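First the proteins, then the strands, lettered A, B, ... as listed; each starts at 1. Note that the structure is predicted; figures quoted are calculated from it, not measured.
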Number of protein chains: 2
Amino acid sequence: MTDPASPAASDTDDLTDRLRKAGFRITRPRQIILSIIASQAGHPDARDIFQEAVKQDARISLATVYRTMKLLEDEGVIQRHAFEGGPARFEAAEGDHHDHLIDIETGAVVEFTSERIEALQEEIADRLGYEIVHHRLELYGRRKNT
Amino acid sequence: MTDPASPAASDTDDLTDRLRKAGFRITRPRQIILSIIASQAGHPDARDIFQEAVKQDARISLATVYRTMKLLEDEGVIQRHAFEGGPARFEAAEGDHHDHLIDIETGAVVEFTSERIEALQEEIADRLGYEIVHHRLELYGRRKNT
DNA sequence: ATGATATTGAGAACTGTTTGCAATAAGGTC
DNA sequence: GACCTTATTGCAAACAGTTCTCAATATCAT
């Protein structure tokens, strides 16, 4: 079973293996949803994913999308973001942590990282007697007319 | 009108004047809600405020609480926070900006400020070609057993 | 006191999400 | 491949938080 030398057919195949090993059944809805979040670049919400999924199998339900997102979140496959005034949006968890800048005009999301901010957060929490479990840094702004 | 020397009778009275001058009617529900957010220390949600209000006037409705919170937010009297997985929570806007650390066990909110983080945020947004309209920094953590 | 109209209360409507349940279908076993 | 156990699905109803509709009421200028 453990065959690290074999070239991964695709990320999606890796994922299905991982999920199967975790005891989950790889159902048709799940395959479809996995392929969607693998291809989809941005930060789609449940409805976006549902609409894509329906194209591939008309009988998939929104409830299944939500259930699958929950499962994938628990498994660390995706991350859920609750930006202001809107539905939760999802993003493939590709290792690296990052924060978000949301364009308040278009809803577009720009990702960024800052070691220094991270460090300062730790410092602050520490000073207050807390250890950070997770955090959320969102900048809401509009594009400058340069 | 501008009379900075006169001792303010109370914050609430100042506020009602301000709102009246802005063209709003100072109704009983509004008076009650104002007094609640003036006294209430923490970060109550709409239901908390509603429950307090009902004690003073049993016929106040939750809808009115929501409407009033919206009004007060628009007027800059309060700030609305949407912490993870829960209803919006409100806080009197007392000038100074601050961020929040939320105790994931108790829901308690600790406020903090960091000039340095603020500065870094500006720097990042600037580099990305954006100007920050507002932002949100929330640390979710648990108390350290010192 | 009176009138114009902003505001209210009550409940329906709405959005986003979760859940109960019977029907379906994975995937291990023979 | 057929069979069986049980995880998973689809559907609809339930749910939480919030907003809206609309007739009734109350505020404030006159």
Neighbours of DNA chain C within residues 72-91 of chain B, by heavy-atom distance under 4.0 Å: none

Whole-Å gap separating P (dA16(D)) and CZ (Arg47(B)): 9 Å

Whole-Å gap separating P (dT27(D)) and CZ (Arg28(B)): 9 Å

Protein-nucleotide distance (Ile32(A), atom CD1; dA26(C), atom P), rounded to Å: 11 Å

Nearest-nucleotide comparison on DNA chain D, the residue closer to the 5′ end among Ile60(A) and Pro29(B): Ile60(A)

Side chains of His100(A) and Glu91(A), donor plus acceptor under 3.5 Å: yes

Phe90(A)-Leu62(A) co-clustered via ILVMFWY side chain contacts under 4.5 Å: yes

Spacing between Arg59(B) atom CZ and dT8(C) atom P, to the nearest angstrom: 13 Å

Rounded distance (Å) that lies between atom P of dA16(D) and atom CG of Leu62(B): 13 Å

Of Val109(A), Ile102(A), Asp48(A), the residue whose pairing with His43(A) passes side chain to side chain contact (heavy atoms under 4.5 Å, CB included): Val109(A)

Taking N or O atoms only and anything under 3.5 Å, show me the protein contacts with nucleotides 19-24 of chain C, one pair per line.
residue: dG20(C); atom: O6; partner: Arg67(A); partner atom: NH1; Å: 3.2

Short side-chain N/O contact from Arg20(A) to OP1 or OP2 of dG27(C), under 4.0 Å: yes

Residue pair Thr68(A) / Pro29(A), side-chain heavy-atom distance below 4.5 Å: no

Residue pair Ile26(A) / Leu19(A), side-chain heavy-atom distance below 4.5 Å: yes

Side-chain N,O (Thr27(B)) to OP1/OP2 (dT7(C)) below 4.0 Å: no

Side chain to side chain contact (heavy atoms under 4.5 Å, CB included) assessment of Phe50(A) paired with Tyr66(A): CA-CA 9 Å; Phe50(A) 172 63; Tyr66(A) 275 109; over 6 Å; no

Distance-minimising heavy-atom pair for Glu118(B) and His97(B): OE2-NE2, 3.0 Å

Option among Val65(B), Asp57(B), Thr64(B) that satisfies the side chain to side chain contact (heavy atoms under 4.5 Å, CB included) test with Ile32(B): Asp57(B)

Under 3.5 Å side-chain donor-acceptor pair for His134(B) and Glu138(A): no

Protein-nucleotide distance (Gln31(B), atom CD; dT8(C), atom C1'), rounded to Å: 14 Å

Distance-only donor-acceptor check, side chains His135(B) and Gln121(B), under 3.5 Å: yes

Separation of atom CG in Asp17(A) from atom P in dG27(C), rounded to whole Å: 11 Å

For nucleotides 3-6 of chain C, tabulate all protein N/O to nucleotide N/O atom pairs closer than 3.5 Å, reporting atom names and distance.
residue: dT5(C); atom: O2; partner: Arg25(B); partner atom: NH1; Å: 3.0
residue: dT5(C); atom: O2; partner: Arg25(B); partner atom: NH2; Å: 3.3
residue: dA6(C); atom: O4'; partner: Arg25(B); partner atom: NE; Å: 3.4
residue: dA6(C); atom: O4'; partner: Arg25(B); partner atom: NH1; Å: 3.4
residue: dA6(C); atom: O4'; partner: Arg25(B); partner atom: NH2; Å: 3.4
residue: dA6(C); atom: N3; partner: Arg25(B); partner atom: NH1; Å: 3.4

For atom NZ of Lys21(A) and atom P of dG27(C), their distance in whole Å: 13 Å

Ring centres under 6.0 angstrom apart (Phe112(A), His98(A)): no

